[in-house]
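All values below were derived from every heavy atom in this structure, side-chain atoms included, with hydrogens, water molecules and symmetry-related copies excluded. FYI, the numbering just counts along the sequence from 1.
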Amino acid sequence: MNASEEVPLAQPVLGPEEAAAVLEVLRSGQLSLGPRIPAFEQAFAAFVGAPHASAVSSGTAGLHLGLRAVGVQDGDEVVTSPFSFVASANAVIFERARPVFADIDPRTLNLDPQAAAAAITEKTAALLPVHIFGYPADLPAFEQMGLPIVEDACEALGARHADGTRVGARGHPASFGFYANKQLTTGEGGMVLTGDPEVKARIDSERNQGRAPDMGWLDHDRLGFNYRMTDLQAAIGSVQVGRLPQMLADRATVAGWYREAMTPLATELGLGLPCEDAGGEVRGWFVWVVQVPQSIDRDETIRALRSHGVQSKPYLPAIHLMSFYRDRYGHREGEFPVCEDIAARSVALPFFPRMRQDQVERVAGALRTVLTAR
Ligand SMILES: *Cc1c(COP(=O)(O)O)cnc(C)c1O
């Protein structure tokens, strides 16, 4: 790669081991409902330190089944973060429940426990905190509220809570996603972790058309979906679990280079950086997102970065201000000021395990040029 080549936003780590694993499944003839599913589930659960895991077709499917498993239904409310990928709120609507947003903590950018507590009503059936950008949400505070919890852990593989437990290992249904930019990829795919064997049994049934494990193909004792993962994906996933310690360490190394290269832009120009780990919490690095100063046009910054050969994107937009959410629930600007300010100024920069230090420096140099060219 030469210096003028574009720095991509993300790039998965895949090698001949994944290719061999996929070929083996192809040759076995068993492409679905085969032995690779439990093997991947067990490897993933062991890595995170959770008792049970159910592989599903996506992180979104996992959120949906997690919400069903804790009993969310028609007419309920689920308190969640407006600063997330849209899937976390959409999954609530799948069950004809209403996502009720509350503002975020300006440091961690996660759902603010106090704001969440204030949003609880008699209709609240669950809380859905999101570990945004891999920084652990304040689960101990949410657990005090006495409501079922479903965790959106899709960005947080490898993160740890202050007590040392990994995100996803606290017993609540926690959904991970395996799209190609995530810490672990199967192309598409997801996994729900849980501490409750009954939750696993329900999810295993509902991902497979409501089929009970001991019943024949055409016996279905409840409503279900086709949220199955294929054995091809699970085979890739098992190889990826083996790569995880290295991939996560490489992400942390790249994040350190970014911190070094971007700190001067924070002090000199007021660029907002990802918060540092505090109080024993450890981020599982997923993206490197900065906030341009209020005086700078964010979308112009993204266009200018592109002209310097650096890919970037606005990440994340506020969910409540998306047209579907405005039209359906009447949301307007000003409801969640912290979220809206952060969402309007955020830019995701290139970030992936095999990013080189010279690429990080090139991104930082381009950003400095763009922010000071006026
Ligand atoms: C990626 C992601 C999801 C959805 O995962 P899919 O596997 O794409 O369905 C949900 N929530 C958050 C916060 C995500 O980043």
Apply the test side chain to side chain donor-acceptor pair (under 3.5 Å) to residues E281 and Y135: give CA-CA distance (whole Å), side-chain angles for both, the deciding distance (0.1 Å), then the verdict. CA-CA 8 Å; E281 293 170 336; Y135 198 85; 3.0 Å; yes
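- Across E151 and G168, no two heavy atoms sit closer than the pair OE1-N, 3.9 Å.
- Ring geometry for Y315 versus F286: interplanar angle of 30 to 60°, hence tilted.
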When you look at D231 and S32, which way does the side chain to side chain donor-acceptor pair (under 3.5 Å) test go after all the steps? CA-CA 5 Å; D231 278 54; S32 197; 5.1 Å; no
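- Residue F133 forms a ring pair (Phe, Tyr, Trp, His ring centres under 6.0 Å) with just one option from W288, F83, F85, and that option is F83.
- A perpendicular orientation is assigned to the rings of F44 and F178, their planes being inclined by more than 60° (bins at 30° and 60°).
- Remark: the H320 side chain and the E340 side chain contain an N/O donor-acceptor pair separated by less than 3.5 Å.
- The two residues G66 and V150 make their nearest non-hydrogen contact at O-CG2, 3.6 Å.
- A donor-acceptor pair under 3.5 Å is absent between the side-chain atoms of D341 and the main chain of V338, judged by distance alone.
- Side-chain atoms of H172 and L139, non-hydrogen and from C-beta on, do get closer than 4.5 Å to each other.
- Taking CG of D138 as the start and CG of D112 as the end, the distance is 9.0 Å to the nearest 0.5 Å.
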Q114/D105 under side chain to side chain donor-acceptor pair (under 3.5 Å): CA gap, chis, key distance, verdict: CA-CA 9 Å; Q114 279 194 342; D105 177 300; over 6 Å; no
Test side chain to side chain donor-acceptor pair (under 3.5 Å) on Q240 and E18; report intermediate values, then the result. CA-CA 8 Å; Q240 291 264 301; E18 281 85 352; 2.8 Å; yes
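- Taking the six-membered ring for Trp and thresholds of 30 and 60 degrees, F101 and F336 have ring planes more than 60 degrees apart, a perpendicular arrangement.
- At least one cation-pi condition fails for R170 and F142: the charged atom is not both under 6.0 angstrom from the six-membered ring centre and inside a 45 degree cone around its axis.
- We find that E276 and R283 are not joined by a salt bridge, their nearest charged nitrogen and carboxylate oxygen being 4.0 Å or further apart.
- Salt bridge present: R356 and D358 bring a charged side-chain N and a carboxylate O closer than 4.0 Å.
- The nearest pair of heavy atoms linking A137 to V130 is CB-O, 3.9 Å.
- Looking at E41 and K200, a side-chain N of the basic residue comes within less than 4.0 Å of a carboxylate O on the acidic one, giving a salt bridge.
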